[in-house]
Amino acid sequence: MYEIMITKKRKLGDFGERLARRYLERNGHTVIDTNFQTRAGEIDIIARDAFSQLVFVEVKTRTSIAFGQPEESVTNLKQNKLLKTINDYLYRQNIQDDNWRLDIISVQPNFKTHRAKISHFKAIRFW
């Protein structure tokens with residue numbers, strides 16, 4: 001039962017990430033990498049925007065807002081993990097430029113209407 005729940009959750013997350021990627025590309029971003037992982041965590045999407053700024057994107061997908069909006073689940077703890085992962089990416093790629101930002105893309109699919117509400121929150125930095 002637990003394994004089935006994880007599989008459904010992962011499929012929903014993958015679906016949201018595909019929609020977010022398409023959204024970014026339609027809005028002038030070039031996707032560089034997806035699902036970059038370190039011990040600290042994972043970055044869902046790494047892209048460059050139309051101005052060549054490096055953008056790290058956390059994608060949150062929910063089918064219901066019963067427990068809050070998707071973007072509300074990016075807690076301080078999650079933000080700290082993202083920052084550590086971003087720093088690891090910058091180090092591994094030998095990028096010393098601090099011209100980057102962290103965005104959150106919230107995806108709320110409606111499978112009955114075959115539509116999704118996508119919200120893009122730019123330059124999220126709370127640490």
Side-chain angles (χ1 to χ4, degrees):
M1 179 71 168
Y2 182 71
E3 192 173 312
I4 292 170
M5 228 169 61
I6 290 175
T7 303
K8 281 185 177 181
K9 193 173 181 179
R10 184 70 233 165
K11 284 183 180 181
L12 180 63
D14 290 346
F15 177 74
E17 287 176 21
R18 283 193 305 274
L19 290 180
R21 181 179 179 148
R22 220 176 307 155
Y23 166 85
L24 287 168
E25 290 172 341
R26 287 182 182 160
N27 286 281
H29 291 68
T30 302
V31 173
I32 298 168
D33 201 358
T34 58
N35 305 110
F36 174 79
Q37 295 181 345
T38 69
R39 284 185 180 183
E42 177 182 1
I43 307 255
D44 296 323
I45 300 172
I46 302 169
R48 288 216 178 260
D49 68 9
F51 305 102
S52 294
Q53 184 176 34
L54 193 57
V55 182
F56 297 94
V57 182
E58 174 67 11
V59 180
K60 289 297 180 184
T61 307
R62 287 192 179 166
T63 57
S64 166
I65 58 168
F67 297 104
Q69 298 294 330
E71 64 276 8
E72 293 173 351
S73 66
V74 183
T75 63
N76 286 338
L77 178 63
K78 177 65 176 176
Q79 291 171 38
N80 287 329
K81 288 181 179 182
L82 287 167
L83 179 59
K84 288 176 184 175
T85 308
I86 289 167
N87 284 330
D88 193 34
Y89 178 85
L90 295 170
Y91 176 78
R92 289 183 189 188
Q93 299 298 318
N94 198 26
I95 298 172
Q96 296 177 15
D97 183 5
D98 62 356
N99 184 26
W100 59 269
R101 69 175 198 256
L102 171 62
D103 292 1
I104 299 172
I105 293 185
S106 165
V107 180
Q108 297 175 23
N110 183 327
F111 294 108
K112 291 179 183 175
T113 63
H114 301 285
R115 298 198 181 273
K117 177 184 174 189
I118 297 176
S119 302
H120 188 176
F121 303 90
K122 296 180 180 180
I124 304 302
R125 284 194 190 177
F126 296 110
W127 47 80

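By convention here, the first residue in the shown sequence is residue 1.
By the 6.0 Å contact criterion, CD1 on Ile65 is open, its count of non-hydrogen atoms from other residues, nucleotides or ligands being 12 or less. When the shell of 6.0 Å around NZ of Lys117 is examined, it contains 12 or fewer heavy atoms from other residues, nucleotides or ligands. When the shell of 6.0 Å around CZ of Phe51 is examined, it contains 12 or fewer heavy atoms from other residues, nucleotides or ligands.
Closest heavy-atom contact between Thr61 and Gly13: OG1-O, 4.4 Å. Residues Gln37 and Arg92 approach most closely at O-NH1, 4.1 Å, considering heavy atoms. When every heavy atom of Leu24 is checked against every heavy atom of Val57, the shortest pair comes out as CD1-CG2, 3.9 Å. Between Glu42 and Leu82 the shortest heavy-atom distance is O-CD2, 3.6 Å. Annotation for Pro109 and Ala116: closest pair CA-CB, 3.8 Å, computed over non-hydrogen atoms. When every heavy atom of Ser106 is checked against every heavy atom of Gln108, the shortest pair comes out as OG-NE2, 3.8 Å.
Checking side-chain atoms of Asp103 against main-chain N and O of Ala123 turns up a donor-acceptor pair under 3.5 Å. Using modelled atom types, no side-chain atom of Asp88 and backbone atom of Lys84 make a donor-acceptor pair closer than 3.5 Å.
Residues Thr85 and Thr38 have side chains in contact (heavy-atom distance under 4.5 Å, counting atoms from C-beta outward). Side-chain contact check for Glu58 versus Glu71: every heavy-atom pair is 4.5 Å or farther apart. When side chains are defined from C-beta on, Leu54 counts as touching Ile32, because their heavy atoms get closer than 4.5 Å. With a 4.5 Å cut-off on side-chain heavy atoms, Thr63 and Leu12 count as touching.
The aromatic rings of Tyr89 and Phe56 stand perpendicular to each other, their planes meeting at an angle above 60°, with 30° marking the opposite boundary.
Linking Ile, Leu, Val, Met, Phe, Trp and Tyr whenever their side-chain heavy atoms come within less than 4.5 Å leaves Val59 and Val74 in two separate clusters. Leu19 and Ile46 fall into different hydrophobic clusters, where Ile, Leu, Val, Met, Phe, Trp and Tyr side chains are chained together by heavy-atom contacts under 4.5 Å. Following chains of ILVMFWY side-chain contacts shorter than 4.5 Å, one cannot reach Val107 starting from Ile124, and the two form parts of different hydrophobic clusters. Hydrophobic clustering (ILVMFWY, side-chain heavy atoms < 4.5 Å, transitive): Ile43 and Leu83 are in one cluster.
Take Arg21 and apply the side-chain contact (heavy atoms from CB on, under 4.5 Å) test, not counting sequence neighbours, and it matches Glu25, Val31, Thr34, Ile45. In this structure, the ring pair (Phe, Tyr, Trp, His ring centres under 6.0 Å) partners of Tyr23, at least two apart in sequence or on a different chain, are His120.
Going from atom CZ of Phe121 over to atom NZ of Lys60 covers 13.5 Å, rounded to the nearest 0.5 Å. Atoms NZ and CZ, from Lys9 and Arg62 in turn, are 8.5 Å apart once rounded to the nearest 0.5 Å.
Taking a cutoff of 4.0 Å between a charged side-chain nitrogen and a carboxylate oxygen, Arg10 and Asp14 qualify as a salt bridge.
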